[in-house]
Amino acid sequence: MLSRASHRMGVVSLLIPAALLLLPLYLYPLVQIAFHSFGTQGWSIANYIELFSDPFILRVLYQTFRLAFMIAVLCVLVGYPIAYAMRIVSDRTRRTMTLLVLLPLWTSVLVRAFAWIVILGRNGIVNTALADLGFIDEPLRLVYNTVGLYIGMVHIMLPFMVLPLYSTLTRIDLRLLSAAETLGSRPISAFFWIVLPLSMPGVLAGALLVFMSSVGMFVLPALLGGLSDITYIMLIEKQVSELNNWGLAAAMSVLLLGVTGILTLLYERTLNIEVSSGILGQVVRHVFQRGPIHLLVWRERLLARLLPLRASQLAIRKRSARLGSRHLSVKCCSWVVLACLVVPLLVLFPLALSGEAFLHFPPLSYSFRWFDNFFSRDDWLTPAITSLKVAVLATIGAIVIGVPAAYAIVHGRFPGKGIVTAILISPMIVPVVIFAIALYTIYVRFNLLGTVGGLALAHIILALPYVVVTISAGLRSTDGSLEAAALTMGAGPVRTFWFVTLPLLRPAVMSAAFLAFLTSFDDVILALFLSGTSAKTLPVRMWEGIRFEIDPTIAAVSVMIMLITIGLKFAAEWPAKRGAKLNIAGFTAMRTR
Amino acid sequence: MQLKPVLFAIGVATIAVLGPVSLAVAQDKGQVVVASWGGTFQDALREAILKPFERATGIKVVEATGPQMSKLRAMLNTGSPEWDVAEVLPGDFQQLSSEGLLERLGYTAMDRSVFAELPKDLVQPFGVGTYMYSTVIAFNTKKYTQANGPKSWADVWDLKKFPGPRSLNAGNGPVPPIEAALLADGVAPENLYPLDFKRAYAALARIKPNVVKWATTAAMQTEALISGEAVIGMASHGRIQLAKEQGAPVDYVWNQALTDSSWWAILKGAKNVNNAQKFIEFASRPESQAALAKLFIIGPLNKKTFDLIPENRAKLLPTYPDNLAKTIVVNREWWAMKDGSGKSNLEINSALWNGWVLQ
């Protein structure tokens, strides 16, 4: 048995890889930014005075947080049925659903925005259909305003909600539902009073991921949003690029980090609801865990007083209820949502095959020229391969650094844990433009510009929050008694982790790896600054020329990536299918004998 | 797909053959890193100017993309920028040259006769104009044609005679709609500058309910008009002309078009200043400008270029004399001018736009 102190040392040492990466490449640039905000000559708070006396900036900050909050709430409402459906369906269907949820992330934001415009525009599919059916006289304004922005953002944020939530749901024993029903509960009640509270860590983890990512968005609001849909990051970017007011931009970044840092600290306290003795922990405990029980008891008492006959009516209804259709509504709902996710992507297929050099739907002519363009040009193929290399390296790095770090903050008990968690999660909301510029100066000095390794390191930092949040949600839902059992049987902490905890974490690790890969593959800003001329990535190549046009090759690339992902999925299932067929053949052979 | 291995083999063979050759040449004459805006424009630039420059002088051209201000500043801050020559947007050029972040062009070292053929105000100590581009009044031909469509900014603002959704530039983008708003309100082109922001924003407020898209890049303007989301709007001329040629239902008029030009500038601390100056001189020659104008719709600045371009192509370009007469040049110097409190007009407009947007 390890002593308390050495156990604590061991846990803290899990944070060493993260520290080695974050201290020079993340905290140092951040500190530089903070210094910058105090002016370049000596110390002055002029930038902060300018920041707080400008009502516009503060209003946009509030607006951005409100937008992020609404998107998080919408993602919970839309994503929960999907995550729940993924939990209860067969393996194969689950893989299909995962694929459909992740598919939007494989496409470039440019073509995705255009696909939404095609669907939601004045002459788009939705408006034309509604007009043909006679429901509306004038086209609805669904795009280039807040409605279109919400739809576009939920579309892209859903995977960040569904995956952490799903990995938490896998740890909940569904027999609890059956137990509840034998005790007289209706299926929906059983869900609300049992599954929902138990899945809270996953819901909160997903909501945090969505909230933070939404705060950091600035491309989609510019493309899909209306005049008043400005986000805080867009303002910062404007200060840096056009107005060259880096002092103000630095001050704005510090403010954003401060506010979101507080939110992250609150989140960390919420995760520790079992052990936290603070006020917030107690509130969360009472509201989410004991609250439902209290409410349930009061409700039953109230109903018993008002409707004395209700008990017998319920019993009659129960006998005729069919358990098979219990989850039908959930499955239907989730398939409908998934269909809505996928339809915009289907629009990309005709666009990729269009014969003109501008995006038009439906295409005026068809041709394979954009696919041909991609394969015949070195300046498309090389960036694609570079992107793959960087993304693979970044995923491996993020998992290797993030999993121990998540373990440390979940199981460790050391002072400053809240701050460490906040630091690990904060790359999600640091304005990437500011971070990229600060990192650029460091990379120039150490000759890391234009190198695959350098870019991968930057991407690891970017992906780390997603890994940490997903894994810690997964660890929260893991039954601690299994680890304790292993320890009492003589396994050391390392063996316990490797043979007990890690296999239990498999869904969480897979989700985290996916999110890390996609974060790296999709990143534009860091790549724009750090890739130089020799490590150009695919998103950078796709963004080029945006000053003049949207190259339809982008649509072709997105379609190809989607097809590859779908193809990989079917390839992975091929052995399983063959195995099933053999079983059936063997079975029938047995029966005829 | 059998094509890919074949292409790969061809690619390897080409590199194997040409690699040593270009390396030998580079060792003789050095190289120059040129940054432009990528996409099909850079393809045209490559064919028209970059490759001929390499062939003529033996200097290797390394291409880069994306000379936006944030990247330029990050580079200049380090003291040894990655790039030598960049195609800089007008507002950025004014700022960088006033801060001394660009290399002074040694016109004595180059063949000065070429620069005599360019407009005087586009040959400056720190940079030379690249080409002219315009923002025109464009419309969707499913609703309007040349005959019954808008012909001036006042028409664009006239919602009774020309109903339909509009698409304008956002005020915080590269070409703010201020000049257009003032012209629509009745200001004569000669009296435009100094711009009356108050009057412009009042005019913008009148049309705001009908503007469907406030675009921040040229790509967005064109897409809105092609898809019919907007029927009348501001659009980048090059893009609209190209779309029109390819059969998109769009058209435009030259009247009251707003023209501007970007700049070739050498970044301070660049490694290949001499080669960069040679490049700028080469790019300003009539042959280079004609070659570029034939591949991409831009307005060449060298007077002698029009002798080298066929008439039917020349008629489409912004600097063709007939077209140039109808256009209004945006006064970039005024935009960069700082007032008493040290804020440039660009910054003042940005603050006004921010306040106006959330009303």
task = Quick one: list whatever passes salt bridge (Lys or Arg N to Asp or Glu O under 4.0 Å) with B/E245, sequence neighbours left out.
result = B/R313

Side chain to side chain, B/D43 and A/R377, heavy atoms closer than 4.5 Å = yes

request  = For the residue pair B/V212 and A/R141, establish whether any side-chain heavy-atom pair is separated by less than 4.5 Å.
outcome  = yes

ask   = Quick one: does B/E223's side chain get under 4.5 Å of A/I117's, heavy atoms only?
value = no

inquiry  = Which heavy atom of A/L528 sits nearest to which heavy atom of B/Q68, and what is that distance?
reply    = CD1-NE2, 3.9 Å

Contact class of B/N354 relative to chain A, heavy atoms under 4.5 angstrom = both

query = When only pairs under 4.5 Å are counted, which of B/K213, B/E63, B/K208, B/Q42 shares the most heavy-atom pairs with chain A?
reply = B/K213

request  = Can you measure from CZ (A/R541) to OG1 (B/T65) and round to the nearest 0.5 angstrom?
outcome  = 8.0 Å

B/E229, part contacting chain A, at a heavy-atom distance under 4.5 Å = both

task = Rounded to the nearest 0.5 Å, what's the gap from OH on A/Y440 to OG on B/S70? Could you check?
result = 11.0 Å

message = So, taking the atom named CD in B/E82 and the one named CG in A/L449, what distance separates them when rounded to the nearest 0.5 Å?
response = 5.0 Å

Intermediate values then yes/no, side-chain contact (heavy atoms from CB on, under 4.5 Å), A/V118 and B/S227 = CA-CA 8 Å; A/V118 162; B/S227 66; over 6 Å; no

query = Looking at A/F529 and B/A74, what are the two nearest heavy atoms and their distance?
reply = CE2-CB, 4.2 Å

remark   = Ranked by heavy-atom pairs below 4.5 Å to chain A, first place among B/P165, B/A64, B/G91, B/S80 goes to B/P165

query = Is any side-chain heavy atom of A/I437 less than 4.5 Å from a side-chain heavy atom of B/R73?
reply = no

ask   = Non-hydrogen atoms of chain A under 4.5 Å away: do they reach the side chain of B/V211, the backbone, both or neither?
value = backbone

note = Okay, A/V540 and chain B: the region with an atom under 4.5 Å from a heavy atom over there is neither

message = Please give me the minimum heavy-atom distance between B/G355 and A/F56, naming the atom from each residue.
response = N-CD1, 4.3 Å

Qualifying side chain to side chain donor-acceptor pair (under 3.5 Å) pairs with a residue from residues 218-233 of chain A, counting only residues at least two apart or across chains = A/T146-A/D229

Verdict with reasoning, A/T441 to B/T78, per side-chain contact (heavy atoms from CB on, under 4.5 Å) = CA-CA 6 Å; A/T441 333; B/T78 65; 4.2 Å; yes

task = Show your working on side-chain contact (heavy atoms from CB on, under 4.5 Å) between A/V444 and B/M75 and close with a plain yes or no.
result = CA-CA 9 Å; A/V444 162; B/M75 232 179 257; over 6 Å; no

query = Taking B/A243, B/A230, B/A35, B/G66 one by one, which has the highest count of heavy-atom pairs under 4.5 Å against chain A?
reply = B/A243

